[in-house]
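The structure appears below as C-alpha cells.
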Amino acid sequence: MAERMSGSGLSRRAWLKVGALMGGGLVLSLVLPSHAEPVAEAPDADSEGPAPPVGDVNARVAPNAWIRIHGDGRIQLTLARSEMGQGVMTSLPMLLAEELEVGLDQIQIEPAGVAPVYGNPLLGEQATGGGTSTREAWDKLREAGAVARVLMISAAAAIWGVPESECRARRASVHHVDGTRSLSYGELASRASELPVPPTVALKTKGDWTLIGTSQRRLDTPGKVRGTAGFGLDTRLPGMLFATIERCPVIGSRVESWRAGAAKAVPGVVDVLAVRHGIAVVADSTWAALVGRERLVVECRPKSDPGLDSERLRARLRAGLTGRAAVALKEGDVSLALASSAQAIEAVYALPFQAHACMEPMNCTADVRPDGCDIHVPTQAQSAALETARRVTGLPSERIAVHTTFLGGGYGRRREQDFVLDAVELSMMLKRPVQVIWTREDDLQHDYYRPMTLHRLRGGLDAEGHPSAWFHRIVGPSVLSRRDPARVRDGLDPLMLGGAAELPYRIPHRRLEYRRSDSPVSVGLWRGEGYSHNCFVTECFLDELARAAGQDPLVMRQRLLAESPRHRRLLERIAERSAWHGPLTAGVGRGLALIEAFGSLLAVVAEVSVEAGRPSVRRVVCVVDSGQLVNPDAVRAQIEGGVVFGLSATLKGEITLRDGRVEQSGFGDYPLPRFDEMPEVEVTFMESDEAPGGVSGLATPAIAPAVANALSALQGTPIRSLPIRLA
Amino acid sequence: MITFTLNGEPRELDLDPNQPLLWVLRDHLGLTGTKYGCGQGECGACIVLLDNEPVNACSTPLAAVRERSVTTIEGLSRDGRHPLQLAWIIEEVPQCGYCQSGQIMMAAGLLAKHPRPTEEQIDAAMSQVLCRCGTYGRIRRAIHRAASPEVKGG
Ligand code: FES
Ligand code: FES
C-alpha cells in the first residue's frame, strides 16, 4: 500500500503520512520526527518507512491515524485534546475544515487513544493545559487540511483530464469551473490516497478564510444543555461497582487501624478494602458507598500535626525573604540603582493556598482484566494516565485504553494521577469495573493546591519619577520538582517564575530571585500557573511605584512600554474602552492590570466600590490581544470565565491548614463567586495577524491586581495580600 | 414502595426512602443528567423540579417525592428544544457544562413562577447555583432571551 511522507511544513513537528483506508478512503497519519528522521535523509522516502505489515491498513495506521476521509464521505478527525470547556472540540476541527474546504458540520470527532504522536510538544506529554491546544495545532491542522485538499483536487483533475487550476474544492467536493462536473471527497478519497504527496502546500490567506475568525456554535453545547454529555461520573459499565475512599485528613498521616463491621452491614456495601490512599468502601450504588463510609471507623497516625498550620507555614516562608536565594534574572545593578534612586519603596506580598474546586469532583472508572484495562476518566493527561495504569497493573501499554470523557472542569487539577490510581488499583483488587468518586470534601482537602507564596519587592524611582530599579524575590515551594525534577535547575523552578522573569516593562536594573521553600502540602498547576501569583504582585507593586511617583498608573505603564508598540496599542484601547481618564462615580475606584502570558496580552480595568465593608466589583473591561482568533466567541467565554475564576481567589475563599489538616470542606467555607456578585465582563479584541495565543489562563491572574489596584486607588492604601479582606 | 411521577411517567420504586433523589436518579434510574457537585446543598448542580419548584436532589430524600412530580433535565423537553435550552445554545452558555443541568433546571423553576422575571428575581434564583467556569453573564442573557416571547428559538 502506498504511503508517502510530506516533509513540507510539518517537518519540524511531525511528519504527515498519507495512506489508503481499507474499504476505500484516505488517511493522514502523523509520524514523530524521531521516527521520520532517517526518512528525511533518504532520497526515496518509501524505502525507508517502517516495513509494511501484512493485513488491515486500518489496523496498521490506527495508532497514528489522525484524519480519515472514508469512501462513504465521512470525515473524521482524531481529537487528542481534552474538552473541559475551552472549546477545543470545536476550534480544532475549524482549523482542519478551513483548509480542507469542508463544513464544520461535515467533520466527526473521534477521541484519540494514547500514542506518542498525539503528544503535545508544548507540554512534553499527551496532555491539555496551559493554553497550548490551539497554539500547538494552528499550523499542523491547517497544513494537514491543505495537503488533503490538494490531493482531492489532483485526483479530480486526473479523472477529468483537466488542469488542477480549473478545479475548486467546496464543502467536501471538488467542482470543475465549467459548473457541470463535481466529485465528492468520498468518491475521490481512494484515488487521492494513491497520488504523490505535494512537496509543499500553500495555506489559504486570511482574506480567504470563511471559518477561522468567525464565531461558530460549539459542537459540545447541545449535549450539555440536554444532560446527555458524558462526564467522568456518568460512566456506566456493565457490572460496575461504586466506591469512595476514606483518606486520613492529616497531611502525611497513615491509616493505623480500621473497623469495617458497621460499614459492611450497610445494604449494598460489597466490600471494604485498604488501598494506597486510604480505606475504600465498595458498593452497588454511590449512596450505599457513602453511607458505608460514614459507618467506617478509621484511625490514622499521627492524629494531628500542630506544626502544619497556615500561620507557621507563612512564618517559614517569611524566613526565606532574606538570606540566600537562587538568582533567576540579573540585569544591570539593582543594589546600586536602588541606593542611588531618588525614591525607593519596599513591600511584601502574600498569597494563600487555593484549591481548584472543579464542579465535577475528582473521579475515575477503571475496568482491569487479566488481558487488559479500560480507563474512563475526565483527564487532562492521557499519557500519564496510561503510565499510571501500566505501573499499577503491570499490563503492557498496548493493552491499556484511556477513554477521555468530558471534564467537569480541569484548571490544571486533572493533570494529576491520584484519582486514576484509586480506580485502577481498586478494580484490580475487585476484578470488576469500579467507579471511584471523591466527595466535595475529599476534593477540597486532597488537592494539589496553588502554592502559598510570599514576595519581597523593592523598587526605585529616578529623579524624573521613572522606575529605574526593580527587585523581586519569590519564596515558595517548587511545583515542578514533583512533576518534572529535571527541569528544576540551579534552584530555579520555571513554573514559579512565570510572569516575573519576562516582565514586559523596560526597567534598566532588575533582579529576580527565587527561594525554594517546600512544605508537606501538595502543590500543583492552577489556572494561570505561576502568573496567577506573580501577576498580582508585579502589577500591584507597579501601581505602588506610580503612586509614589505621583503618576497615573496607565501613563506610567505606557512610558515603560515605549518600545513595545503591541503593548502600547493595547493600553490605548483599554484607556478608551474603560474611559480611564474620564470621571468616576464617588466611592468607586478604578484599577488596571496588564498581563503577557501564553503568547497573548490582556489589559483589564476593574471598577470597584465598597459595600457593607466588602469590595464589590461593578464593572470589568478587558482588551485582549491573543493573535488571530479561531473561534472568537469561545475566546470571549474563556476571558469572561477566567475573570470569575480569578475573582474567587481575589475576594472569596482560601485554603488554610490547622493541626495538619485542610480546614475547608465545602462551598460553605470555601465560597466561590455567585451569580449576583458578578459584574458584566466586557471584552474587546485587538485585530491581529499573529499566530493564536493561549487564553484559558490569561484573565485569571490579571483580575486580582486590577481589583486590588482599584481598591488601593479608592482607599489610598496598598493591598498586598489575597483574598482581599478589608479591615 | 414509593410511587411518584418522573418526567411525566409514573414510577414505582422499592428503595431506601432515605436515599437522596440524586443517587436514585443517577445510579438506579440511569438519569445521569442531574449532577453531583457537593452533596451538601450548596452548589445546585443537582437541581431538579419537584412539582415545578427547584430543589437540590442531593438533599431531597426519595420519601419526599412520594405522590409528587419530578422533572429532570432529561424531561425538561421532549426534543431538547425547551426555550431555555435553545437560549442556552444561542448564547453559548456552557463551558465545561457540568453545572448547566442545575442552572437550566433552576431557570426553569424561575420561569414557571415568574414568566418575565426581574433582575432581582433572576439574582435570587440563580445565586443558588455555582459555576466554576464563570458562565454567569451568559446565563443572565439566556434567561432574558428565553423569557421574552418575541425571541424564541433560532
Ligand atoms: S450536589 Fe446538591 S447542592 Fe451540590
Ligand atoms: S460550565 Fe463549568 S462549572 Fe459551569
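In what follows, every chain begins at residue 1, and chains take the letters A, B, ... in the order their sequences are listed.
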* If you take all heavy atoms of Gly97(B) and Phe231(A), which pair is closest and at what distance? ->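 Minimum heavy-atom separation between Gly97(B) and Phe231(A): C-CZ, 3.7 Å.
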* Which atom names give the shortest non-hydrogen contact between Arg218(A) and Gln95(B), and what distance separates them? ->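 Heavy atoms of Arg218(A) and Gln95(B) come nearest at NH2-O, 3.3 Å.
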* Salt bridge check: are Arg138(B) and Glu640(A) linked by an N-O gap of less than 4.0 Å? ->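 So Arg138(B) pairs with Glu640(A) through a salt bridge.
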* Asked: Can a salt bridge be assigned to the pair Glu680(A) and Arg141(B) using a cut-off of 4.0 Å between side-chain N and carboxylate O?
  ->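 Looking at Glu680(A) and Arg141(B), the cut-off is met.
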Taking [options] one by one, which has the highest count of heavy-atom pairs under 4.5 Å against chain B?
options: Ser665(A), Pro222(A), Ala637(A); result: Ala637(A)
options: Ile437(A), Leu647(A), Asp220(A), Asp443(A); result: Ile437(A)
options: Val225(A), Val644(A), Val643(A); result: Val225(A)
options: Glu83(A), Met359(A), Met240(A); result: Met359(A)
options: Thr228(A), Val291(A), Asp676(A); result: Asp676(A)
options: Ala229(A), Ala357(A), Ala288(A); result: Ala357(A)

Return the [atom1] to [atom2] distance between [X] and [Y], rounded to the nearest 0.5 Å.
X: Cys131(B); Y: Met678(A); atom1: SG; atom2: CE; result: 10.5 Å
X: Leu22(B); Y: Trp287(A); atom1: CG; atom2: CH2; result: 10.5 Å
X: Phe242(A); Y: Trp23(B); atom1: CZ; atom2: CH2; result: 8.5 Å

Is a donor on one side and an acceptor on the other found under 3.5 Å between the side chain of [X] and the backbone of [Y]?
X: Arg26(B); Y: Leu233(A); answer: yes
X: Arg440(A); Y: Cys38(B); answer: no
X: Gln100(B); Y: Lys224(A); answer: no
X: Glu360(A); Y: Cys99(B); answer: no
X: Arg132(B); Y: Gly408(A); answer: no
X: Glu92(B); Y: Ala634(A); answer: no
X: Glu74(B); Y: Arg226(A); answer: no

Using non-hydrogen atoms only, which part of [X] is less than 4.5 Å away from chain B: side chain, backbone, both, or neither?
X: Gln435(A); answer: neither
X: Phe667(A); answer: both
X: Met84(A); answer: backbone

Side chain, backbone, both or neither of [X] within contact of chain A (heavy atoms, under 4.5 Å):
X: Gln103(B); result: neither
X: Leu31(B); result: neither
X: Val93(B); result: neither
X: Ile104(B); result: side chain
X: Gln85(B); result: both
X: His82(B); result: neither

* Considering only heavy atoms from C-beta outward, does the side chain of Glu677(A) approach that of Tyr136(B) to under 4.5 Å? ->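 Sidechains of Tyr136(B) and Glu677(A): no contact.
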* Are side-chain heavy atoms of Ile122(B) and Phe675(A) found at a separation under 4.5 Å? ->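 Answer yes - side chains close enough.
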Output the option from [options] having the highest count of non-hydrogen pairs under 4.5 Å with chain A.
options: Cys43(B), Gly37(B), Gly137(B); result: Gly37(B)
options: Gly134(B), Cys96(B), Ser77(B), Ala124(B); result: Cys96(B)
options: Asp123(B), Val129(B), Asn18(B); result: Asp123(B)
options: Gly33(B), Pro94(B), Ser101(B); result: Pro94(B)

* Assess whether atom CD of Glu67(B) is packed by more than 12 heavy atoms of other residues, nucleotides or ligands within 6.0 Å. =>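 Yes.
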* **Distance-only donor-acceptor check, side chains Ser285(A) and Asp27(B), under 3.5 Å** =>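 Note: Ser285(A) and Asp27(B) side chains miss the donor-acceptor criterion.
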